[in-house]
Every structure is written in structure tokens, then in C-alpha cells.
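Please read the structure below before turning to the comments.
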Amino acid sequence: MRIGVYGGTFDPPHMGHLTAAVAAARLLGLEKLIFIPAGIPPHKELANQTPDAQHRLAMVRLMAEQAAVETKIDVSVSTVEIEREGRSYTVDTLRGLRGEYQSDELWLLMGTDMFLTFQNWRAPEEILSMCGICAFGRSESDTEELFAVQRQYLAQRFPNARITTLTLPNVVEVSSTQLRAELSANGIARELLPTVQGYILRAGLYGTECDLKQLPLEKLRPAALSFLHAKRVPHVLGTEETAVKLAERYGADVEQARVAALLHDCTKRLSMEDQLALCELYGIELDELERETAKLLHAKTGAVLARDLFGVNDAVYAAISWHTTGKAGMTTLEKVLYLADYIEPTRDFEGVERLREAVWRDLDEGLLLGLTMTVEEMRGKGYVIHPNTLGAIESLRG
Ligand code: DGI
Ligand code: FE
Ligand code: FE
């Protein structure tokens, strides 16, 4: 197996890291990629705003999930360097990896600066005996020239080295220093993956402390996305888009629809155990079916989390609460969220087109069809139908 190893301080991880890792994975034909956030890096002191290792680790995990979605290979995050005492050297990390992956081919991924100073690292010769190195930089000529010179120099000095340099036309050249400055000035930086941007805001990293209950949309959106696994992000953005259009069409409050859509699945990735702990914490009463079905629980826990962290109002709280089962006598906002979730553009199941047509023809006709389709599907799988779903159908028919 060909494995890429990408270490760095990731302070914070950004689109430059992500696009380079994804491009390197494709060009090298990697089957596995391991991100390794550094503990204390040997080559520089950490910038003074550097969040502690646990925050950097959490952000790298978000980036790794996105990299896995984009490359469709196994992407993991190693904590070896964070857990190591004292200064962290790549050679030590590689010795560990060599032991773990004895019959695999390792490739160390690195950016321009690292590559150009490689001969000054601890034990470069030993590193090159354990792995190939793959350096990437932008396509501008100065970099390419420097790359060529360095490649030749290293090839001469370490004749058995495997060295590949990639000039990636679409690699985003990002200065972490600049990015941190933007964050502390505006709370927002382009070149950040939205989930990472949201994580930074929620944790108040890099001087971004802000009132989560008063976030403008450009901050609320990433903050909401930061709860999600990368693969669910397109679904939630699709739900936002559809909820806004439905609210406009059927006269619900557009901003409430948007906020409800952005937050509706915010607890979806939590385990059953964590969901139940949230219910306990917030005193949410559950019926028997909810108690044993994580898929039903996430609507309830999502609503409390949205209220507690972001201060959503009662209408939005209710819309999130009922987005999975529906209930008798739903408000327009509640219907809008239920249906936006069901028909947003990434949804692709048999009957979705028919449902979309019904929803745009008449909201209640669409709702009745959606609820009925859910009941049929649940029955087909032998699941218990929640009484609120049946109640919703009855109230529409009656
Ligand atoms: O969270 P999403 O996947 O975007 O969508 P959702 O909140 O509508 O959740 C759909 C899941 O919930 C789906 O896997 C089926 C399940 N579900 C919906 N209604 C019922 C239900 N499960 C049971 N057991 N009973 C229901 O009435
Ligand atoms: Fe949901
Ligand atoms: Fe959803």
C-alpha cells in the first residue's frame, strides 16, 4: 500500500493543506493518507495565539474528513507527535510508522519551505531511507526553479532518495500568519474550510471570541457546518437553499427557515450515548421509541443545542424538533423545514421528483405525500412508525 504522511503544525489547517494533500494523493496514487499534527515543532516556536494541541487535532480531523470525501481513500489523523514528550522530530515519527507499516511504501508530503530546508532536518539520510518525499508548491517559475535546484542537490547528496516535486496549478498558497491576522481582525478568513472556520468561531480561537447568539449569517453558517461530518455538509447547504425558497414561496419567515435548516442536523453525528446525555442535561422528555432510536433523537437534541448555543427562537426550536417525524398541526415553518430536508438537491431516491413536484404545487399536498412515503418506507423496513408521523397524516387528511 502506498501511504502519504503529512505532518505540520496546522495552525490552523487551511485550504492550502487540503488542496495539496488531495492533489498529492491523486498524483502519487495513495491508498491511505495520515495527517500528523505536530506537538512542539523543532523548526519554529509556535505563534503566541496557537490553540492547544487538542483544538488543532480537532480541526485537523475536520480537514481529514473532507480529504476522505474528496479522495475516497482512507484518511486518518495520528496523535503520536502531540502525545510525544518534548520536541518532535520527523525521523522519530517515521521510525514509528515504519514499524507499523512494514511492507508499505511511505511518502512524506511537504510544502515548499520544508522541502528547501530538508537537508537541515534531523537525520535527513535516515528519513530518506524510510520514505520518499513529495514536495508541492505553486506553479510560479521562481518556485519551480528553486525546486529543480533543490531536487538536484538532494539527489546528489542522497543518491538513493526518492524525491517527487509537484507544481500544482491550483494549490492555494496560504500564509498562516496572514490567515491568523485576518481571523483576529474579522473573525473570518477565506482559505479556511467552512467546518474549520466554524470550529474556530465556536471555540473562540485566534482572538475570534464572539457572541454565538448574535452571529451574522457569514459566521453562523460555518459554525453550524462545523458540527457535521464532511459528507453531510452538502445536504445541509442544500436544505438551507431549499428552505429559503420554500419559505419565500409559502410565506414563512425566510431567515428563520434558513437558521432552522442550517442547524437541523447539528447533533446527527453524535452517538446514542451522547444524545441521551444531552437529553438528560437539558431535561428533555423522551418517549419509548425516541429513547431507542438515535435517528429520532437527533431532532430533539438538535433543537436544544441550537437554542442553547445559538439562541434560536421558539419557532426555529420547534421546526428542528419536528423535522424528522412531523406532527399534527404543523406551522408553515415546520412544514418548510420538513420538506426542504426531504427534497433538497442532493436527495436522490425513488419518487423524489414526484415529491418535489407535489411540494411546489401545494405545500400540504407535498407534506402528505412525504409523510406517506416515509411511513411506507419505515413499514417496509419493519420499523415502528412514530405516533407523531401518523398524527401528522391524520391531521392533513381530516
Ligand atoms: O437527518 P436526515 O437524514 O437528513 O433526515 P431525517 O431527520 O428526516 O431522518 C430520517 C431518518 O429518520 C430515516 O433514517 C428514517 C428515520 N425515521 C423517520 N421517521 C421515523 C423514522 N424512524 C422510525 N423508527 N420511525 C419513524 O416514524
Ligand atoms: Fe435530520
Ligand atoms: Fe437532514
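In each ligand, atom 1 is the first atom listed, and ligand 1 is the first ligand listed. All of these numbers come straight from a predicted model, not from anything done at the bench. Excluded from the calculations below are hydrogen atoms, water molecules and symmetry mates; all remaining heavy atoms, backbone and side chain alike, are included.
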### Message
Can you confirm whether or not the ring centre of H323 sits under 6.0 Å from the ring centre of H298?
### Response
yes

### Query
Can you tell which part of T239 has a heavy atom less than 4.0 Å from ligand 1: side chain, backbone, both or neither?
neither

### Message
On a heavy-atom basis, I'd like to know which of V375, T389, I320, L296 is closest to atom 20 (C) of ligand 1.
### Response
L296

### Query
What do you reckon, is CG of D52 surrounded by more than 12 foreign heavy atoms closer than 6.0 Å?
yes

### Query
Going by the order shown, which atoms of ligand 1 are within less than 4.0 Å of some heavy atom of R232?
1 (O), 2 (P), 3 (O), 4 (O)

### Task
Could you tell me the residue and atom name of the protein heavy atom closest to atom 9 (O) of ligand 1, and the distance to it rounded to 0.1 Å?
T324 CG2, 3.6 Å

### Task
Check the angle between the aromatic planes of Y250 and W360 and answer parallel, tilted or perpendicular using the 30° and 60° thresholds.
parallel

### Task
From atom 4 (O) of ligand 1, work out which of H264, R379, K381, R347 has a heavy atom at the shortest distance.
R347

### Query
Can you tell me which residue and heavy atom of the protein come closest to atom 8 (O) of ligand 1, and the distance to 0.1 Å?
D341 OD2, 3.4 Å

### Message
Would you say CD of E288 has more than 12 non-hydrogen atoms from neighbouring residues, nucleotides or ligands within 6.0 angstrom?
### Response
no

### Message
Could you tell me, atom by atom, which parts of ligand 1 come under 4.0 Å of a heavy atom of K268?
### Response
1 (O), 2 (P), 3 (O), 9 (O)

### Message
Measuring from atom CG of L57 to atom CD1 of I82, what distance do you get when rounded to the nearest 0.5 angstrom?
### Response
4.5 Å

## Note on the structure
atom 23 (C) of ligand 1: closest protein heavy atom, distance to 0.1 Å, is V384 O, 3.4 Å

### Task
Report yes or no: do L367 and V375 belong to one cluster of Ile/Leu/Val/Met/Phe/Trp/Tyr joined by side chain heavy-atom distances under 4.5 Å?
yes

### Query
Among K295, E292, H386, which one has a heavy atom closest to atom 13 (C) of ligand 1?
K295

### Task
Test V304 against I284 for side chain to side chain contact (heavy atoms under 4.5 Å, CB included), laying out the working first.
CA-CA 9 Å; V304 276; I284 302 175; 3.4 Å; yes

### Query
For ligand 1, which atoms, with element, lie under 4.0 Å from some heavy atom of H235?
4 (O)

### Task
Only one of R258, H235, H264 passes side chain to side chain donor-acceptor pair (under 3.5 Å) with E240; say which it is.
R258

### Sub-2.8 Å protein N, O or S atoms surrounding the Fe ion (ligand 2)
D265 OD1, H298 NE2, H323 NE2

### Task
Using the ring of F227 (Phe, Tyr or Trp, six-membered ring only), decide whether R202 places NZ or CZ under 6.0 Å from its centre and within 45 degrees of its axis.
yes

### Message
Could you check whether R56 and T50, counting side-chain N and O atoms only, form a donor-acceptor pair closer than 3.5 Å?
### Response
no

### Message
List ligand 1 atoms under 4.0 Å from M378, heavy atoms only on the residue side.
### Response
15 (C), 17 (N), 20 (C), 21 (C), 22 (N), 23 (C)

### Query
Which is it for E344 and ligand 1 at heavy atoms under 4.0 Å: side chain, backbone, both or neither?
neither

Scan the side chains in residues 113-122 for donor-acceptor partners under 3.5 Å anywhere in the protein, sequence neighbours excluded, and list what turns up.
residue	atom	partner	partner atom	Å
T117	OG1	D113	O	3.1
T117	OG1	M114	O	3.3
Q119	OE1	Q150	NE2	2.8

### Message
To check you understand the geometry: which heavy-atom pair defines the closest contact between M63 and H14, and what is its length?
### Response
SD-O, 4.1 Å

